[in-house]
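Written below as structure tokens is the structure these notes are about.
When reading the values below, keep in mind they use all heavy atoms of this one structure, side chains included, and skip hydrogens, waters and symmetry mates. Everything quoted here is computed from the prediction, not taken from an experiment.
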Amino acid sequence: MPLSLKKNARKARNSYTRTSNVSGRKGQRTAKLRMPAFLGACFGRIKALSGLKSLAAIAVLLVGMGLVLAGVCFTSLWLYNTAITSDFFTTRHIDVAGNVRLSRDMVLQYGGLQEGDNSLAVSIAKVEHNLRQTPWVEEVSVKRLLPDRFVIKLKERMPSFWVHKDGVLYYANERGVVIAPVESKNFLSLPTLRVESGAEDAIPFLARLMKDIQSGVLPVEAGAIASITLSPGRGIEVYLEDREMRLSIATDDWEGNLARLGVTLGDLARRHELRNVREVRAVNGNVWVLLNQAVSS
């Protein structure tokens, strides 16, 4: 006897049929393809029509939908054109913050933004891109405040040194990275940096040196420094032009060498002997003071 039949023609409990699963899947697919009520009603009426009438109704429906879409697009374009030509959105205020080396006019010129522009027609992404292409700008953000204001915030690259490269004098940051050429319109007197071959490992100590000078750990005025040389044998050499004196600091045990150098300079200053000093070296836990030849003789 087949497995699906028992007495009284009843199906066995373990009989297999696909009817329920198929109907369930069809129900799920139908649910996913539901149309909006309005379109469903329209297509329902169209189906009730016959032959040519249904085709004509479909054509009329499609034409109507096309006209509605065209009307929406036309209205949007009209509103946009009206907005970008309206005096209501004319840029009247541009605030610039964070600029040090760059003047406000230079920021607006580099960014391609000026008062009188329609604020809606300005591309913020383009203004930010233009400013990032300038050598002085490290970070920038531009905010539009409708109807007539922009806010530009900058973070500039700050120069710490002059460096010579290919016969041109450049500004460089505290890591010795070139920023821009030295020009009369943005002139700033800074120490000249020279890195000798083999002394590249000492470059990270430049930032520490400038920080220690500013904090007073090394009793030297930053404005008195004429040049800084990174040497593989002497470490970092600082030349003070006003005193014609050179300070040499070995980079191993930086803090210890710097502290001993500071104490020595302070002691020489209290004894009024700095004018007789030609060089002071801090290396290997010791400080060496070299006097001028006239005094030593």
Side-chain angles (χ1 to χ4, degrees), residues 157-184 186-297:
R157 295 182 175 92
M158 300 304 298
S160 298
F161 309 104
W162 285 349
V163 295
H164 288 277
K165 184 177 180 181
D166 300 329
V168 180
L169 189 63
Y170 290 88
Y171 289 114
N173 64 13
E174 61 183 10
R175 298 182 301 276
V177 178
V178 168
I179 298 177
V182 176
E183 299 176 345
S184 58
N186 60 3
F187 182 82
L188 177 64
S189 180
L190 294 171
T192 302
L193 174 64
R194 187 167 67 93
V195 181
E196 296 180 356
S197 178
E200 291 80 7
D201 292 342
I203 290 178
F205 289 91
L206 288 172
R208 298 178 64 176
L209 173 66
M210 303 309 294
K211 182 179 179 180
D212 291 333
I213 291 175
Q214 293 173 0
S215 62
V217 176
L218 184 63
V220 174
E221 294 184 3
I225 300 175
S227 65
I228 295 178
T229 302
L230 304 189
S231 170
R234 295 173 176 266
I236 296 182
E237 296 184 326
V238 179
Y239 180 68
L240 307 177
E241 188 174 20
D242 58 341
R243 295 185 176 275
E244 297 183 352
M245 182 171 61
R246 191 179 305 276
L247 308 176
S248 300
I249 313 165
T251 56
D252 57 335
D253 188 18
W254 174 262
E255 294 181 356
N257 289 332
L258 201 65
R260 287 186 285 271
L261 180 61
V263 171
T264 302
L265 291 175
D267 184 57
L268 291 171
R270 283 191 298 272
R271 292 188 292 176
H272 305 286
E273 295 180 357
L274 279 177
R275 63 179 179 273
N276 301 323
V277 176
R278 177 166 56 90
E279 184 175 354
V280 182
R281 299 178 187 173
V283 59
N284 296 330
N286 298 310
V287 178
W288 304 87
V289 178
L290 304 179
L291 302 179
N292 293 318
Q293 293 181 355
V295 175
S296 61
S297 61

Review point. Does the distance from a Lys or Arg side-chain N to an Asp or Glu carboxylate O, for D267 and R271, drop under 4.0 Å?
Key: yes
Check your understanding: If every non-hydrogen atom of P219 is compared with every non-hydrogen atom of G262, which pair is closest and at what distance?
Key -> CD-CA, 3.8 Å
**Study point:** Side-chain heavy-atom pair I225, I213 within 4.5 angstrom cut-off
**Key:** yes
Practice item. Measure the spacing between CG of L230 and CG of L193 and express it to the nearest 0.5 Å. Key: 5.5 Å
**Study point:** Pairs satisfying ring-ring contact (aromatic ring centres under 6.0 Å, His included), at least one member in residues 205-250, at least two apart
**Key:** F205-W254
Study note, to complete from the structure: By side-chain hydrogen bond (donor to acceptor under 3.5 Å, both in side chains), R157 pairs with (sequence neighbours left out) none
Review point. When you look at CD of E183, are more than 12 heavy atoms from neighbouring residues, nucleotides or ligands closer to it than 6.0 Å?
Key: yes
Exercise for review: Please list, chain by chain and in numerical order, all residues satisfying side chain to side chain contact (heavy atoms under 4.5 Å, CB included) with L274, sequence neighbours excluded.
Suggested key: R243, M245, L265, L268, A269
Review point. What residues, two or more places apart in sequence or in another chain, satisfy side-chain hydrogen bond (donor to acceptor under 3.5 Å, both in side chains) together with S160?
Key: none
Check your understanding: When rounded to the nearest 0.5 angstrom, what is the spacing between CZ in R246 and CZ in R278?
Key -> 9.5 Å
Review point. Are any non-hydrogen side-chain atoms of T192 and V163 less than 4.5 angstrom apart?
Key: no
**Study point:** Main-chain N/O of I249 paired with N257 side-chain donor or acceptor, under 3.5 Å
**Key:** no
Check your understanding: Rounded to the nearest 0.5 Å, how far does CG of L209 lie from OG1 of T251?
Key -> 12.0 Å
Study note, to complete from the structure: To the nearest 0.5 Å, atom OG of S227 lies from atom CH2 of W162 at 12.0 Å
**Study point:** Test item: V287 and V263 side chains (from C-beta on) under 4.5 Å apart, heavy atoms
**Key:** no
Check your understanding: Is it true that atom CD of E273 has more than 12 heavy atoms of other residues, nucleotides or ligands lying nearer than 6.0 Å?
Key -> yes
Exercise for review: May I ask you to test the L206-E174 pair for a side-chain heavy-atom distance under 4.5 Å?
Suggested key: no
Exercise for review: List the atom of P204, the atom of D201, and the distance in Å for their closest heavy-atom pair.
Suggested key: CD-O, 3.2 Å
**Study point:** Rounded distance [0.5 Å steps], CZ in R194 versus CD1 in I228
**Key:** 12.5 Å
**Study point:** Contacts of type side chain to side chain contact (heavy atoms under 4.5 Å, CB included), residue S197, not counting sequence neighbours
**Key:** none
Practice item. Please check if the side chain of E200 supplies one atom and the backbone of G198 the other of a donor-acceptor pair under 3.5 Å. Key: yes
Check your understanding: Are side-chain heavy atoms of N284 and D252 found at a separation under 4.5 Å?
Key -> yes
Revision key, fill the gap. With sequence neighbours left out, the residues meeting side chain to side chain contact (heavy atoms under 4.5 Å, CB included) with R234 are S231, E237, S248, E279, R281
Revision key, fill the gap. Separation between OG1 (T229) and CD (E196), nearest 0.5 Å, reads 6.5 Å
Practice item. Kindly indicate whether the side chain of Y170, heavy atoms from C-beta on, has any atom under 4.5 Å from the side chain of I179. Key: no
